[in-house]
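Note that the structure is a prediction, hence the values are computed from the model and not measured. What's counted below: heavy atoms across the whole structure, side chains too, no hydrogens, waters or symmetry copies. Along the sequence shown, residues are numbered consecutively beginning with 1.
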Amino acid sequence: MTLTGQIAVFLGATVLAVPMFRRLRLSSILAYLAAGVAIGPFGLAVIDDIEGVMHLAEFGIVLLLFVIGLELQPSRLRALRRSIFRFGLLQVASTTVVLTCIAYLLGLPMNAAFVTGFALSLSSTPLVLQLLAERRELNTQHGRPAFAILLFQDIAVMPMLAVLPMLGTTGATQSLGATLLGTAKGFGVLAVLIFGGRYVLRPLLRFVAETKVSEVFTAAALLVVIGTALLVNEVGMSMALGAFVAGLLLAESEYRHELEADIEPFKGLLLGLFFISVGMTTNIAVLGEQPLLIAGLVLGLLAIKALLLWGLARVAGIPARHASPLAVSLAQGGEFGFVLFALAVGDGVMERGLAQTLVIVVTLSMAMTPLLIKLHAAFIEPLYDRDEPTRDFDTIDDPNSRVLIAGFGRVGQIIGRVLRMRRISFTALEASVAQVDFVRRFGNKVYYGDPSRLELLQAAGAARAEIFVLAMDDIEASVRTAELVQKHFPHLKVFARARNRQHAIRLMDLGVRYLMRETYYSSLDMAQNTLEALGLSRAEALESIRRFDAHDRKLLEQQRLAGDDEQKLIQTAQQAARELEGLFEEDVRGTETAATDQEKTQATA
């Protein structure tokens with residue numbers, strides 16, 4: 001097959017596999033692997049030139065490591081150094097030691113066992129971060145240490161990439177003098193990179209940026225990555241290591257974001273190609289030949305890593321209810337395992353058959369992670385809720401505030417700070433124990449309690465208060481609270497935060513008059529500044545925003561009256577859009593007529 005035909009096959013496999021796996025809420029990495037299995041010699045055999053594909057795909061890893069280096073700013077590393085090295089180092093070291101010992105006892109040579117243990121100690125950074133973000137758990141007591149561990153794992157790959165060639169058959173036979181000479185060359189090249197990054201790369205990028213030709217800057221970015229990778233490779237070190245060092249050196253430069261944006265499309269495609277090539281080398285028949293062995297290895301990997309993570313978290317003082325989800329989230333293998341297995345085969349550290357088995361094990365462990373997290377949330381987390389003593393609501397010692405704030409998160413805290421500045425008394429109620437404990441650490445006075453409970457509102461002095469600020473994040477809880485207040489405390493003026501239009505409509509149906517949609521006013525403010533930047537006067541921009549605001553409020557009321565009638569909602573939105581366009585067209589014609597009349601008057605004078 002021609003090169004053009006191979007490219008068409010790769011793109012077609014990507015377009016078909018990735019959307020399908022994303023609909024199943026599975027990682028795109030698994031999609032690339034499945035696509036590779038399908039088109040490879042162990043599948044449909046559409047492409048059989050695996051070696052040629054692997055050589056090209058290696059640049060995907062090079063670009064990935066460069067981007068990781070760009071993101072690991074030294075200042076960020078310094079700020080997180082305790083969490084990173086306390087959790088990350090302990091996790092990688094302990095897991096590597098345990099898995100290496102197990103692999104050696106199962107009959108692997110020591111070098112192969114060590115690479116296997118280290119590779120399996122790594123977790124999947126994109127998969128875990130995506131799952132935590134979807135569940136809004138990145139900032140929890142298990143989300144923060146999970147991020148620190150993943151960050152250390154990304155850093156820990158670099159030394160292994162440097163050591164891996166020395167563990168292979170070629171590295172084992174060279175003399176001590178040759179090894180020392182190669183090490184000296186490596187340090188010399190890294191010194192050149194560090195010096196060049198500060199005194200050559202930045203001025204070069206500045207010179208290229210001054211041309212203001214985007215494709216030239218993209219070419220310069222690719223040249224920096226490939227050039228440093230080839231330079232490091234010449235002294236026997238990993239190309240990926242050179243790219244990582246280059247990215248780290250440019251992490252705090254003024255061109256970091258532009259470099260990352262220019263590299264990202266190439267990185268994504270070539271990295272996808274790498275995972276496809278890994279899938280092409282995967283002999284899926286091994287799963288059919290040894291299903292019990294594969295199943296045992298997958299379950300063993302998940303169990304061992306989870307137990308070690310849970311134990312480390314408990315030793316570090318993390319409560320059991322947070323140590324448990326941390327262990328489940330990071331128990332799988334990671335994408336860097338594929339990288340290390342492929343390089344290990346090339347360097348003669350392990351046999352291809354072993355690498356194929358390990359790739360299948362890592363792939364299955366990644367595929368099982370979303371299911372394990374769901375099972376943990378369904379069956380394990382309720383046990384912690386049952387075993388832990390329930391915390392009683394706080395006793396409110398000052399029920400005479402003029403303002404009640406329900407929900408003390410992002411919105412409620414800002415309102416509270418403004419009221420405190422004006423010395424206006426308020427009572428803040430928050431239903432999340434974690435949020436209450438967090439804001440109290442910063443000196444805020446907030447009561448733990450559920451604002452949707454009538455007895456709590458009565459105890460907080462809702463009968464004597466003047467204003468009720470509804471700033472709760474949860475939409476259903478917000479609606480329940482608004483209904484309760486409107487029914488039992490109709491004298492209160494309710495100022496409600498609405499997450500979106502649907503939330504706003506539900507609150508309007510309950511009779512809430514003062515609504516603030518979460519991003520609406522900030523969007524209007526940004527639109528006003530955009531109009532002014534485009535040349536409109538401040539008065540013209542404000543008038544445009546005023547008209548749009550009035551029109552949108554009218555549309556919101558019409559949509560409320562339409563209820564759940566989808567066809568009517570669509571017709572209302574389309575009609576409103578036409579009316580808005582007509583309104584501003586009249587403004588433009590009126591402005592042009594006024595300008596023409598003014599010119600005639602000046603000409604007559």
Derivation of the side-chain contact (heavy atoms from CB on, under 4.5 Å) call for Glu430 and Tyr448: CA-CA 5 Å; Glu430 172 59 54; Tyr448 168 57; over 6 Å; no

Give the intermediate values and the outcome of side-chain contact (heavy atoms from CB on, under 4.5 Å) for residues Lys305 and Ser123. CA-CA 10 Å; Lys305 289 187 70 175; Ser123 306; 3.3 Å; yes

When you measure from the side chain of Gln528 to the backbone of Ile545, do you find a donor-acceptor pair of N or O atoms at a distance under 3.5 Å? no

If we only count heavy atoms from C-beta on, is the Asn500 to Ile475 side-chain gap below 4.5 Å? yes

More than 12 heavy atoms of other groups within 6.0 Å of Gln486 CD: yes

Got Phe495 and Met516 here, is their nearest side-chain heavy-atom distance under 4.5 Å? yes

Euclidean distance, Arg546 CZ relative to His551 NE2, rounded to 0.5 Å: 13.0 Å

Are Lys493 and Glu466 close enough for a salt bridge, meaning some N to O gap below 4.0 Å? no

Is any side-chain heavy atom of Pro145 less than 4.5 Å from a side-chain heavy atom of Ile318? yes

Does the distance from a Lys or Arg side-chain N to an Asp or Glu carboxylate O, for Asp552 and Arg547, drop under 4.0 Å? no

Give me the atom names and distance for the closest heavy-atom approach of Val128 to Ser329. CG2-O, 3.3 Å

Smallest separation among heavy atoms of Ala220 and Leu205, with atom names: CB-CD2, 4.3 Å

Salt bridge (Lys or Arg N to Asp or Glu O under 4.0 Å), that's the test. Do Arg480 and Asp474 meet it? Break it down for me. CA-CA 10 Å; Arg480 288 198 308 270; Asp474 186 278; 5.3 Å; no

Any side-chain donor-acceptor pair under 3.5 Å between Gln332 and Ser124? no

How close do Gly407 and Ala471 get, heavy atom to heavy atom, and via which atoms? O-CB, 3.7 Å

With a 4.5 Å heavy-atom cut-off, do Thr519 and Ser522 have their side chains touching? yes

Calculate, to the nearest 0.5 Å, the distance between atoms CG and CZ belonging to Leu484 and Phe468 respectively. 8.0 Å

Would the distance check show the side chain of Ser401 and the main-chain N or O of Ser425 forming a donor-acceptor pair, the cut-off being under 3.5 Å? no

Other residues, nucleotides, ligands: >12 heavy atoms within 6.0 Å of Arg402 CZ: no

Between Gln413 and Gly409, is there a donor-acceptor pair closer than 3.5 Å when you use the side chain of the first and the backbone of the second? yes

Please walk me through it: do Leu33 and Met366 pass side-chain contact (heavy atoms from CB on, under 4.5 Å)? CA-CA 12 Å; Leu33 291 170; Met366 292 171 63; 5.6 Å; no

If you measure from the Lys or Arg side-chain nitrogens to the Asp or Glu carboxylate oxygens, is any gap between Arg497 and Asp473 under 4.0 Å? yes

Rounded distance (nearest 0.5 Å) linking atom CG of Leu531 with atom CD of Glu543: 12.0 Å

Do Leu150 and Leu330 come close enough that some side-chain heavy atom pair is under 4.5 Å? yes

For the pair Glu476 and Arg506, find out whether any cationic side-chain nitrogen is under 4.0 Å from an anionic carboxylate oxygen. yes

Can you see which heavy atom on Leu556 is nearest to which on Ala504, and at what distance? CD2-CB, 4.4 Å

Rounded to the nearest 0.5 Å, the CZ atom of Arg314 sits from the CG atom of Leu326 at a distance of 12.0 Å

Any donor-acceptor N or O pair under 3.5 Å, side chains Ser324, His376: yes

Verdict with supporting geometry, Leu555 and Arg501, side-chain contact (heavy atoms from CB on, under 4.5 Å): CA-CA 11 Å; Leu555 173 61; Arg501 295 182 78 88; 3.8 Å; yes

Using a strict 4.0 Å threshold on nitrogen-to-oxygen distance, state whether Glu518 and Arg410 make a salt bridge. yes

Atom of Gly333, atom of Ser365 and distance for their closest heavy-atom approach: N-OG, 3.0 Å

Does a side-chain heavy-atom distance below 4.5 Å link Gln91 with Phe152? no

Taking the side chain as every heavy atom from C-beta outward, state whether Leu429 and Phe408 have any pair of such atoms under 4.5 Å apart. no

Can Arg538 and Glu532 be said to form a salt bridge (Lys or Arg N to Asp or Glu O under 4.0 Å), step by step? CA-CA 6 Å; Arg538 184 172 181 80; Glu532 292 182 30; 3.3 Å; yes

By side chain to side chain donor-acceptor pair (under 3.5 Å), Thr481 pairs with (sequence neighbours left out) none

How many angstroms lie between atom CD of Glu210 and atom CZ of Phe217, to the nearest 0.5 angstrom? 11.5 Å

Just how far is it from atom CD1 of Ile373 to atom CD1 of Ile380, taken to the nearest 0.5 Å? 13.5 Å

Is it the case that the side chain of His491 and the backbone of Ala463 share a donor-acceptor pair, with hydrogens and angles ignored and the cut-off at 3.5 Å? yes

Side chain to side chain contact (heavy atoms under 4.5 Å, CB included), paired with Val403, selected from Thr427, Val469, Ile415: Val469

Tell me, do Leu470 and Leu507 make a side-chain contact under 4.5 Å, heavy atoms counted? yes

Nearest non-hydrogen partners of Asp549 and Tyr520, listed with the distance: OD1-OH, 2.8 Å

